[in-house]
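Presented below is the structure to which this report refers.
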Amino acid sequence: MTFVAIMAVVFKEEPGIPNQFITSINEVHLYLKREDLLHAEISGNKFRKLKYNVQRAISENRDRLLTFGGAFSNHISATAAAGKNFNLKTVGVIRGEELGEDLKKTLRENPTLAYAAACGMEFNFVPRSDYREKTSEDFIRELRKKYGDFYLVPEGGTNSEAIRGCEEILSEEDKEFEVVCCAVGTGGTISGIINSSADKQKILGFPALKGDFLLADIDKFSRKNNRELITKYHFGGYAKIDKALVDFINEFKTAYGVALDPVYTGKMLYGIFELMRSGYFSQNTRILAIHTGGLQGIAGMNMKLKKKGLPQIDV
Ligand SMILES: *Cc1c(COP(=O)(O)O)cnc(C)c1O
């Protein structure tokens with residue numbers, strides 16, 4: 001098979017996954033776009049963000065992808081899976097030097113890194129101070145000395161190739177929804193959605209972290225202003241969680257048969273339900289929430305929850 005043919009097979013989304021009706025509250029109707037079902041290993045929006053990056057890496061004859069992430073990152077997991085699928089080597093530059101001290105122990109305690117390692121990813125564990133400098137020329141030059149002429153994918157995967165991939169999330173039929181909701185990390189995914197939305201649609205972003213820089217980042221990558229951020233559902237910050245969120249995720253799965261991840265989609269849907277109940281949306285609004293995937297993160301979060309004595313997320 002040619003590379004193009006392999007690309008077509010691996011980066012082929014499941015055709016025609018219908019939007020799933022979830023519920024109506026106060027005459028407001030909620031549907032879910034099941035991007036989590038796009039691909040078995042390269043989850044949800046990370047599939048969209050990697051698609052054109054991998055295509056470019058292959059067309060430039062690079063044999064290695066290098067990227068950055070935290071120890072439970074969906075992006076690290078997806079990049080490792082993409083490398084395995086395309087026969088590209090992968091390097092993960094991971095925040096936290098201490099994780100490299102006893103790799104066997106780290107892999108036992110971290111399902112994300114264990115999976116990435118099983119896909120063949122090589123790790124470079126760096127101190128948090130170095131990690132903050134990861135976009136500096138010096139840091140990249142050192143990495144090039146060590147790993148050669150890799151294709152660099154930024155942290156979270158966000159670059160112009162990623163935005164192009166995320167512009168493929170909304171279909172023509174999705175233009176009938178007045179409101180589209182999306183979880184926000186770096187802002188790449190929502191930027192693609194904004195770009196391919198209809199002008200009359202409102203795109204609501206639910207940041208999974210604290211920080212007022214996000215809107216500026218989104219405006220850098222997107223071409224329109226039909227967006228707004230709902231900033232009060234971060235639950236204390238990135239990957240922070242409490243019992244109310246765990247309960248909500250478990251109740252959602254029981255009621256609608258859909259698993260949500262604790263870092264992004266769980267928080268977004270918690271927020272959407274609260275807004276629907278409080279009368280935030282006008283009657284007969286139809287909302288399309290994007291399920292961006294991320295379910296690989298549940299196993300790692302459950303280990304954290306256990307240590308804290310909090311209830312588990314049902315799997
Ligand atoms: C990474 C991720 C996001 C955030 O995407 P950005 O493009 O970084 O804003 C949202 N949902 C899930 C499940 C993710 O893994």
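In each ligand, atom 1 is the first atom listed, and ligand 1 is the first ligand listed. When a residue number appears, it is its place in the shown sequence, counting from 1. This is a predicted model, so every value here is computed, not measured.
Thr112 and Gln296 form a side-chain donor-acceptor contact under 3.5 Å, judged by distance and modelled atom types alone.
Sorted pairs that involve residues 260-271 and meet salt bridge (charged side-chain N to carboxylate O under 4.0 Å, His left out), not counting sequence neighbours, are lacking altogether.
A 6.0 Å sphere centred on CD of Glu172 holds no more than 12 heavy atoms belonging to other residues, nucleotides or ligands. Under a cut-off of 6.0 angstrom, the local environment of CD in Glu176 is crowded, with over 12 non-hydrogen atoms contributed by other residues, nucleotides or ligands.
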Return a table of N or O atom pairs, ligand 1 on one side and protein on the other, at distances under 3.5 Å, rounded to 0.1 Å.
from     : atom 1 : to     : atom 2 : distance (Å)
ligand 1 : 5 (O)  : Asn45  : ND2    : 3.0
ligand 1 : 5 (O)  : Thr189 : OG1    : 3.3
ligand 1 : 7 (O)  : Lys49  : NZ     : 2.6
ligand 1 : 7 (O)  : Gly188 : N      : 3.3
ligand 1 : 7 (O)  : Thr189 : N      : 2.8
ligand 1 : 7 (O)  : Thr189 : OG1    : 2.6
ligand 1 : 8 (O)  : Lys49  : NZ     : 3.2
ligand 1 : 8 (O)  : Thr186 : N      : 2.8
ligand 1 : 8 (O)  : Thr186 : OG1    : 2.6
ligand 1 : 9 (O)  : Gly185 : N      : 2.8
ligand 1 : 9 (O)  : Thr186 : N      : 3.2
ligand 1 : 9 (O)  : Gly187 : N      : 2.8
ligand 1 : 11 (N) : Thr292 : OG1    : 2.7
ligand 1 : 15 (O) : Lys46  : NZ     : 2.6
ligand 1 : 15 (O) : Asn74  : ND2    : 2.7

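What you find for Lys33 and Ile169 is that their closest heavy atoms are CE-O, 2.9 Å.
Between Met121 and Tyr115, the closest side-chain pair of non-hydrogen atoms is not below 4.5 Å.
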